[in-house]
Structures are given as C-alpha cells and as structure tokens.
Amino acid sequence: IVWGTSYGVAKGALAYYPVLGLLALRFAGAAAVLALPAWRASSAAQRRAGLRVGGPLGLLVMAILLCETYGVAHTRASNAALLISLSVVFTPLLEWAWLGRRPTPALWACTAASLLGALLLAGGWNGRFGLGDGLVLAAAGLRALAVCATARWARGVPALWLTGVQSAVVALGCLALALASGGLPALPRSGAFWGGGLYLAADGLARGYVARPGLTAARFVANPFAEPARPGSRLYATGDLVRVLASGDLEFAGRADHQV
C-alpha cells in the first residue's frame, strides 16, 4: 500500500525469524487463502495449464524473493526500495530482446519518471554498495525475467489460479530448503513479529528529519489515502507494532526495531 515500507517491515520481522521460515510462512498463508476461490474460478483445462507453467514460474518467484529478502537483511530498506525499482528499466529492455516488443518513447518517459520518483522517495543513495545491494539488484533483474516469462508462457491461465500455484511453490520450496539446511526454530511469540505497523497522519505532521534523507525516506512516506485536494500528504511510520481488537481499539504489540 505504501511504497517502500514493506522493506522496513521485513527487516523487523527478520530480527525474529530466518528468511526461509518467513517466506514459507507468508506464502503458505497466501496459498491457503487463494486455493478455494482460485479453484472455483477456473476450468479443469485452466487448472492443468496453471500447474504446468506455475511450477517453473513459482521457482522463479522464489529466487526473486530469496535474493530480495536476503538482500534486505543486509542493506538499508531505502536502498533496497530504490534498487528494486530498476526492474522498470530491465523489463522493457528484456521484452525488446526476448519478445520483440520495442519500447515506445512514451514508455521510456514513464520509466524515467518512475525512477526519478523512486530516487526522491528513497532520499538518494545511502552508504556503500554491498552484498545486500547486489542481491536486491539481482532480484530486480529476475523480476523483469518473471514478467516476460509470464507474458510468454501463461496466456489463458487465470491470474488468481496462477498466483495460488506460485505461492504454494514458494512456500513448499522455502520449507524444503529450510529442512535441508537444519530446520526452522519455533514460531516467535513476540507481538513485534505478529503485529501491524502504526502510521500517523495529521495537518501538523513534519516533513522529515533535519539532514537525514535516508531516515526521512524510510519514515515519512507518501499517503495513499490523501484527499485529491491535498497532494503531497505524508504518513509517518512510528515503528510501533499494534493489533486491532474486536472493539476497534489498538493494542500495542512492541516495536519493529530495538528502540525503547
């Protein structure tokens, strides 16, 4: 929903649980939610086609997620969000080379605008280029490959069914890798792992931190719920994790970092 903030949430979750376990948990849940509606919305022929192409495409998605998540664990969230945006450059280039679709000038203009927006939101580059950055960059390239492969192989397959198959492949693949490498620890009990992030918006909200562009980009993010008459509205990521109770009240569940 909010650009780039998922990387901050992922970094917080990785402080409590390993990469393979986190991915297996996320995508097992997604596969379970999608299974029944996807089955009902597709024909027998479409299900067979989805299983045929969903396997290799699911492995490709798993490779993307492993690179991306391991990368996020070893770099700044703002750097990861900026690097993954390069997929909008790699995708039209790969479409041109593989599928013969030459990008139009309008597409290049939109690509440039997207990259500029990503650069502004990230607050520029922070720190040196390291292993984590390289993994996220590889994920951006693999994302472009996944887009082109899906366009080439998955025609006629319902998107919901294909997504469900891919989610199951990712969950099972990550679980198999985890078991092969020594297993997984018990699920965390900390509310900081299970809680949702709390964001604030108000008329008097600051625009950022003084002389801290990286921290500003991570904490002050675009408000997708802003009224059209108030462009540029921001949300502040407090770092607090909360749960919504049945009464509608919010219950504090911990922090996404180690700040007291």
Side-chain angles (χ1 to χ4, degrees), residues 1-37 65 68-69 71-73 75-82 84 117-118 120-123 126 163 167 170-171 174 184-210 212-260:
I1 295 176
V2 182
W3 182 90
T5 57
S6 61
Y7 293 108
V9 174
K11 284 186 72 71
L14 290 171
Y16 296 90
Y17 212 57
V19 169
L20 291 172
L22 182 62
L23 289 175
L25 187 63
R26 282 178 57 192
F27 285 88
V33 169
L34 292 173
L36 185 58
L65 291 164
E68 199 170 355
T69 312
V72 167
T75 189
R76 297 174 183 266
S78 58
N79 285 358
L82 179 58
I84 205 67
L120 291 174
L121 286 169
N126 296 285
T163 303
S167 297
V170 172
C174 289
L184 291 170
L187 289 174
R189 296 184 178 180
S190 171
F193 179 79
W194 297 102
L198 178 65
Y199 291 80
L200 298 179
D203 290 337
L205 186 67
R207 299 296 296 176
Y209 293 97
V210 176
R212 301 287 299 277
L215 187 57
T216 295
R219 293 289 193 180
F220 291 85
V221 297
N223 183 1
F225 311 106
E227 298 175 0
R230 300 180 59 191
S233 176
R234 316 293 274 181
L235 292 175
Y236 173 63
T238 64
D240 292 334
L241 298 172
V242 296
R243 285 187 288 267
V244 181
L245 303 179
S247 63
D249 295 330
L250 297 179
E251 179 182 61
F252 178 73
R255 291 282 303 175
D257 50 29
H258 300 293
Q259 179 177 323
V260 178

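Here, residue 1 is the first one in the sequence, and each next residue gets the next number.
Side-chain N or O atoms of Arg219 include one that pairs as donor or acceptor with a backbone N or O of Ala237 at under 3.5 Å. Within the 3.5 Å criterion, the main-chain N or O of Val19 finds no donor-acceptor partner in the side chain of Thr69. Judged purely by atom type and a 3.5 angstrom limit, Thr75 has no side-chain atom pairing as donor or acceptor with the backbone of Gly71.
Between Leu205 and Phe220 the shortest side-chain heavy-atom distance falls below 4.5 Å.
A distance of 10.5 Å separates CG of Leu22 from CG of Leu187, quoted to the nearest 0.5 Å. Between atom CG of residue Leu198 and atom CG of residue Leu235 there is a gap of 10.5 Å, rounded to the nearest 0.5 Å.
In plain terms, the two heavy atoms of Cys174 and Leu23 that are nearest each other are SG-CB, 3.7 Å. Across all their heavy atoms, Tyr17 and Pro188 have their closest contact at CD1-CD, 3.5 Å.
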